[in-house]
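Side chains included, hydrogens not; waters and symmetry mates left out as well; all remaining heavy atoms used. Letters go in sequence order (proteins before strands), and every chain restarts at 1.
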There are 2 protein chains.
Amino acid sequence: MASTIEDVAQVAQVSTATVSRVLNQPHLVSIQTRRRVLDAMQLLDYKVNLAGRHLRTNRTRTAALLLPGLGSSVISRLVEGVEDAALAAKYALIMFSTRHDADREAAYIDLITRHRLVDGVLCVSPCSSLENMHCLENDGIPLVMCNGKLDGVASVLVNYSDLTYQATEYLLAWGHQRILLLNWTVPSGEVPVTLHTITHMRQGGFRQALAATQAVPQTLVVDDNTEWQAHLAHMLRSTDRPTAIIACCDKLALAVYAVCRGVGLRIPHDLSVIGCDDILVAQYVDPPLTTIRVPAYKQGRLAMESLLQAMMGDAPEEPAVHLLKGELVLRDSCAPPQQL
Amino acid sequence: MASTIEDVAQVAQVSTATVSRVLNQPHLVSIQTRRRVLDAMQLLDYKVNLAGRHLRTNRTRTAALLLPGLGSSVISRLVEGVEDAALAAKYALIMFSTRHDADREAAYIDLITRHRLVDGVLCVSPCSSLENMHCLENDGIPLVMCNGKLDGVASVLVNYSDLTYQATEYLLAWGHQRILLLNWTVPSGEVPVTLHTITHMRQGGFRQALAATQAVPQTLVVDDNTEWQAHLAHMLRSTDRPTAIIACCDKLALAVYAVCRGVGLRIPHDLSVIGCDDILVAQYVDPPLTTIRVPAYKQGRLAMESLLQAMMGDAPEEPAVHLLKGELVLRDSCAPPQQL
DNA sequence: CTGTTAGCGCCTTCAG
DNA sequence: CTGAAGGCGCTAACAG
């Protein structure tokens, strides 16, 4: 059916070793021979059989990409970075999206380790337990993380701590005293703190900025369901309501917009709002949303490059940890607090 | 290093053939032997080497997923459907996102065909030329398309024609006479019409709905750049401006919101707007956006199931073409046209 | 620069 | 129900 190097060798009147060399170390083959081999390949419409190569080399040139989910613009840009780096090195990507489900993530990791179908794993915002990650470690499969940190594992982090600090400072500078942080819930169970860096970094930066002031940090935890919206509406109706909100993503920030309309508060006059991610529509809404922009593409690219290094075998002794900067994008959703 | 079936066979005191059977046709092995083999596997922490299996079976149990891009909620739900179907059948997915770039898509297809690294290809909203697709066909690699149609190729389509028809009817029923369709541009070059089904279906449904009326169909083509926004602003300032707009996605619809604010028109009083995709924020904006919701998860699931069938070898004679229904989600962005 | 050779790990007939 | 044996396509020594 499909032609093999043997067929090519026969047509080109050379040995299979030479054909293989043309494929992998062309500089070791004389121009004339190379030409003959390439012609034969074209003639036979030859295609390398990767299974054979993988079996022989014991490497698949494939990496697994473990994502928390798709459909977020940040993730998608991150993936583009990963993809570009992988393709430049001729690596393929097998994708798994866990949809923020720890069980699913565990199942995927099990699948990966049980089948040895990849040379390395790139894990973005891991949500499952520590054991799973160590499972990979122990198997000697190179691992790099984005937005998560584990001892001895290379990772590329965005400094959400500093960004949230900046956002909070920005609001403080405008005189806000009652600022609310709208943050994700941390999955329950004995999940290691180190994994959930974003949520904790955010919290940390927020607290740190407020520590030097009289302002009291308020936090509202957001679950999957929509109860938090009713809760927020209730808070916003009270007399000592927050005058500013920092949301952990733009979608949430825009949900706050809707809650405000329901309650009769106007942004930014009655309430300042800061989002995160800088999604496209953030600039279209009324008022345009002040938000945090994150170097997602760069993050993905760096992470993949780091993983490639590890897969190539020349991993640095001390696993690298990158900490990337983001920026606050000022638009019109913040203003001084109203005098009550 | 890693243990093989040979190691397992030795420990379990059986032949490698038996170990292989335990892996693939356990019912052919006696309970006792099976037990012994499984114990040995556990003891040795045995993992199948897929490369060996692939080489032997000449199948990789892997499918390629060719996406136009990530970061759209529709795509992400579609991918979830694909993923669920694939995993249920124990197939892995290799992902490629073309970012609406025909060259990139062609490169990916070349990669796929040149390496034979997948058993089948699932192509979503293809953007490159016909040849590439036939390239796959000719290679005998099973192919299924989403939102694109090619002769002899199975596909799963959403009936955007009908949906746009419905949306137009809805606006007509409210008395609109000057309706504008905001549609994507069709890539230039000798790109086959059959590929760009969504764009054309939309156009078709729109024209069809207006054909029975005196209303004149207007279309504005949206490019990657933002010039169209200035153009739209200009149109909206004219005396015979459109009184309603159908946008080909919610992001665009929300961009229209912003243009309206710039021009001083109010939605829905001065202008009715209908979007497409029902992104999360569509319900948060002011006014909540009337939009088209599409069964993306189901589409992905069906497409993958269809591809699995083909990869299993029992493809139907006549490649299946599914046509899925969507629905119009009524919110508050439409109203009767203002009396001028 | 090129050829010979020996497997990589697995599945699958064919016998028993 | 189980075992023996061959080979899938490729690469990497080792010779020449």
Trainee: In whole Å, I'd like the distance from the CG atom of A:Leu50 to the C1' atom of D:dC8.
Mentor: 14 Å
Trainee: Specify the separation, in whole Å, of atom NE2 of B:His115 and atom P of D:dG9.
Mentor: 17 Å
Trainee: Just the rounded figure in Å: distance from P of D:dG9 to CG of A:Leu23.
Mentor: 15 Å
Trainee: Can you check the A:Arg53 CZ to C:dC10 P distance for me, whole Å?
Mentor: 21 Å
Trainee: Applying a 4.0 Å non-hydrogen cut-off, can you work out what A:Asn58 is touching in the nucleic acid: base, sugar-phosphate, or nothing?
Mentor: nothing
Trainee: List the residues meeting side-chain hydrogen bond (donor to acceptor under 3.5 Å, both in side chains) with B:Ser73, not counting sequence neighbours, and say none if there are none.
Mentor: none
Trainee: Rounding to an integer number of Å, can you tell me how far B:Glu6 CD sits from C:dC10 P?
Mentor: 9 Å
Trainee: How long is the line joining CG of A:Asn24 and C1' of D:dC10, in whole Å?
Mentor: 9 Å
Trainee: Send over the distance from B:Tyr46 OH to C:dG9 C1', rounded to a whole Å.
Mentor: 7 Å
Trainee: Using whole Å, what does the distance between atom C1' of nucleotide D:dG7 and atom NE2 of B:His54 come to?
Mentor: 18 Å
Trainee: Which residue pairs pass the salt bridge (charged side-chain N to carboxylate O under 4.0 Å, His left out) test when at least one of the two sits in residues 41-51 of chain A, sequence neighbours left out?
Mentor: A:Asp45-A:Lys47, A:Lys47-B:Asp139
Trainee: Among the nucleotides D:dG9, D:dC10, D:dA12, which one has an atom lying closest to any side-chain atom of A:Thr57?
Mentor: D:dA12
Trainee: Output all residues satisfying side-chain hydrogen bond (donor to acceptor under 3.5 Å, both in side chains) with A:Glu83, sequence neighbours left out; order by chain, then residue number.
Mentor: B:Ser97, B:Arg99, B:Tyr108
Trainee: Which part of the nucleic acid, if any, lies within reach of B:Thr4 when heavy atoms closer than 4.0 Å are counted: base, sugar-phosphate only, or nothing?
Mentor: sugar-phosphate
Trainee: List in chain and number order the residues that pass side-chain hydrogen bond (donor to acceptor under 3.5 Å, both in side chains) with B:Thr16, two or more places apart in sequence or in another chain; answer none if no residue qualifies.
Mentor: none
Trainee: How would you list, by chain and number, every residue that makes a side-chain hydrogen bond (donor to acceptor under 3.5 Å, both in side chains) with B:Thr98, sequence neighbours excluded?
Mentor: none
Trainee: Could you list, one pair per line, each protein nitrogen or oxygen that sits under 3.5 Å from a nitrogen or oxygen of nucleotides 2-4 of chain C, together with the distance?
Mentor:
from  : atom 1 : to      : atom 2 : distance (Å)
C:dT2 : OP1    : A:Ser30 : OG     : 2.9
C:dT2 : OP1    : A:Thr33 : OG1    : 2.2
C:dT2 : OP2    : A:Ser30 : N      : 2.9
C:dT2 : OP2    : A:Thr33 : OG1    : 3.4
C:dG3 : OP2    : A:Ser15 : N      : 3.0
C:dG3 : OP2    : A:Ser15 : OG     : 3.3
C:dG3 : OP2    : A:Thr18 : OG1    : 2.7
C:dG3 : N7     : A:Arg21 : NH2    : 3.3
C:dG3 : O6     : A:Arg21 : NH2    : 2.4

